[in-house]
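So you know, we letter chains A, B, ... as the sequences are listed, proteins then strands, and number each from 1. Note: hydrogens, waters and symmetry copies are ignored here, and every other heavy atom, side chains too, is used.
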Number of protein chains: 2
Amino acid sequence: MPRNALSREQIVQAAIALLDSEGADGLSMRRLGSRLGTTGAAVYWHVEGKEEILLLATDAVWRDMPLPDPEGIGWRTAATTMANDLYAMLLRHPWLVRTMPLRSPWGPARTHHDDHLLSVYEAAGFTGSEAEQATRTVLTFVLGTALDSAPDAALTRRAVCKDGEPLAPTGQDVHRNLAFGLGAILDGLQSRLPTRS
Amino acid sequence: MPRNALSREQIVQAAIALLDSEGADGLSMRRLGSRLGTTGAAVYWHVEGKEEILLLATDAVWRDMPLPDPEGIGWRTAATTMANDLYAMLLRHPWLVRTMPLRSPWGPARTHHDDHLLSVYEAAGFTGSEAEQATRTVLTFVLGTALDSAPDAALTRRAVCKDGEPLAPTGQDVHRNLAFGLGAILDGLQSRLPTRS
DNA sequence: ACCTGAACACCGTTCAAGT
DNA sequence: ACCTGAACACCGTTCAAGT
């Protein structure tokens, strides 16, 4: 008899909760199963495997990204807002920086976000592959910044400073650098705009 | 009787070879041990655990990075060269992008590299925290670019294009974007130089 | 149709015991 | 001092068997 205890949507939500609270390594099929009141093997009836769960969880999170309209606020404000929102999302779900490297396949939400971001740079005046490259440059920088500040690091940090010098950047440093670097990048991009109005 | 079959240096080199050929998930203590002619448990006598091996392997790779002198070639050429070299290194050792997120502790080779990179931006005219931020901006962008092109992705890509549209960037795209983005960033940074000579 | 239990082939790590 | 073997507590995944 079908008990319908599990559904794809429940599995994905439970996976996200587990990843957020336990980190990238905290997600295991058995733990996910027990969190849903069943066994790890039960999950396999609804889902292909762990990889698909990560795929679904990743795209579910992308769905929450706001997509500001460049009309009215200007392309630069829109670009800055989207970069900050993306960074905030990556901080909220640190496991994303490990699941991001996949060039493909992206889910529909990720694709939708990227399309919108591209339209922002097209609104700025970039065309064709230049718009794509501008988009990718900013996206890449934000992703790299999040990677830098990920508490979810593959290696745990031990003794931080042996000589009293704060060699390693703090979360503060990284965050301040987002504003600085983004400003510099947008300046550089702006100076390459083909025609000014 | 000590057979001295193992040494720290041998372990690290074997680990790098294993990571390069099998990917980030290819390194296991047992495989490492058997590659060295012993058992996995034997490694634990020479090394604290897997984490330390990753730490040592990471810093060993950083030692191979060339450190060009900005004198003569100019800061911008030096900065570009270092960025390209870093990207090339990350492509050679894709597992590095998973071991990089650690803000600390860095090994001596990584620290030495960062010091040199900082000096390049100081030679350009940046001072204090601005030099640090410029350094971190470029470093972050290169790291993000490598993350984008990592074949070592956490999730394997399956069906690439369902509708015939090449949504996902190819390795070519990512590589071309390194030059574009780096140029834009350096332009943006250059325009922020406090005093021009 | 949906789930359980046990199994397979792996992990990192520990630790008594050997030499 | 250096290594082995077996063990512990985990993994992802499969699959017969239950209901």
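B/Asp59 places a side-chain N or O within 3.5 Å of a backbone atom of B/Arg110 that can act as its donor or acceptor partner. Side-chain atoms of B/Thr39 do not come within 3.5 Å of backbone N or O of B/Ala42 as any donor-acceptor pair.
Using a 4.0 Å heavy-atom cutoff across all strands shown, A/Gly49 reaches sugar-phosphate atoms only and no base atom. If you check every strand for non-hydrogen atoms under 4.0 Å, A/Leu27 touches sugar and phosphate atoms only.
The B/Tyr44 side chain lies nearest to C/dT13 when the options are D/dT4, C/dT13, D/dT13. Of all nucleotides listed (C/dT4, C/dA1, D/dT4), C/dT4 comes nearest to the side chain of A/Thr38.
Look at C/dA6: its Watson-Crick or wobble partner, with both distances under 3.5 angstrom, is D/dT14. With a cut-off of 3.5 Å on both Watson-Crick or G-U wobble distances, the partner of C/dT19 is given as D/dA1.
Straight-line distance from the CD atom of A/Gln10 to the P atom of C/dC3: 9 Å, rounded to whole Å. Atom-to-atom, CD of B/Glu51 to P of C/dC11 comes out at 19 Å; the value is rounded to the nearest Å. The distance between atom CG of B/Asp25 and atom P of C/dA9, rounded to the nearest whole Å, is 20 Å. For A/Glu52 and D/dG12, the CD to P distance is 15 Å, given to the nearest whole Å. Distance, A/Trp45 CH2 to C/dC2 P: 4 Å, rounded to whole Å. Following rounding to the nearest Å, B/Met29 (CE) and C/dT13 (P) show an atom-to-atom distance of 6 Å. The interatomic distance linking A/Ile53 (CD1) with D/dC11 (P) rounds to 14 Å, in whole Å.
Nearest approach of A/Leu6 to A/Gln10, heavy atoms of both residues: CA-OE1, 4.1 Å. Of all non-hydrogen atoms in B/Val61 and B/His93, the two that sit nearest each other are CG1-CD2, 3.4 Å. For the pair A/Arg76 and A/Gly183, the tightest heavy-atom approach, listed with the atom from each and the gap, is NH2-O, 3.5 Å.
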Name every donor-acceptor pair, under 3.5 Å, that has one atom in a side chain of residues 117-128 of chain A and the other anywhere in the protein, sequence neighbours excluded.
| from | atom 1 | to | atom 2 | distance (Å) |
| --- | --- | --- | --- | --- |
| A/Ser119 | OG | A/His116 | O | 2.6 |

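OP1 or OP2 of C/dC11 has at least one side-chain nitrogen or oxygen of B/Arg31 nearer than 4.0 Å. The phosphate of D/dC11 has OP1 or OP2 within less than 4.0 Å of a side-chain N or O from A/Ser28. Taking side-chain N and O atoms only, B/His46 has a distance below 4.0 Å to OP1 or OP2 of D/dC3.
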What are the atom names and distances for every N/O pair under 3.5 Å that joins the protein to nucleotides 6-8 of chain D?
none

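Under 4.0 Å is where a charged nitrogen must lie from a carboxylate oxygen, and between B/Arg176 and A/Glu132 no such pair does.
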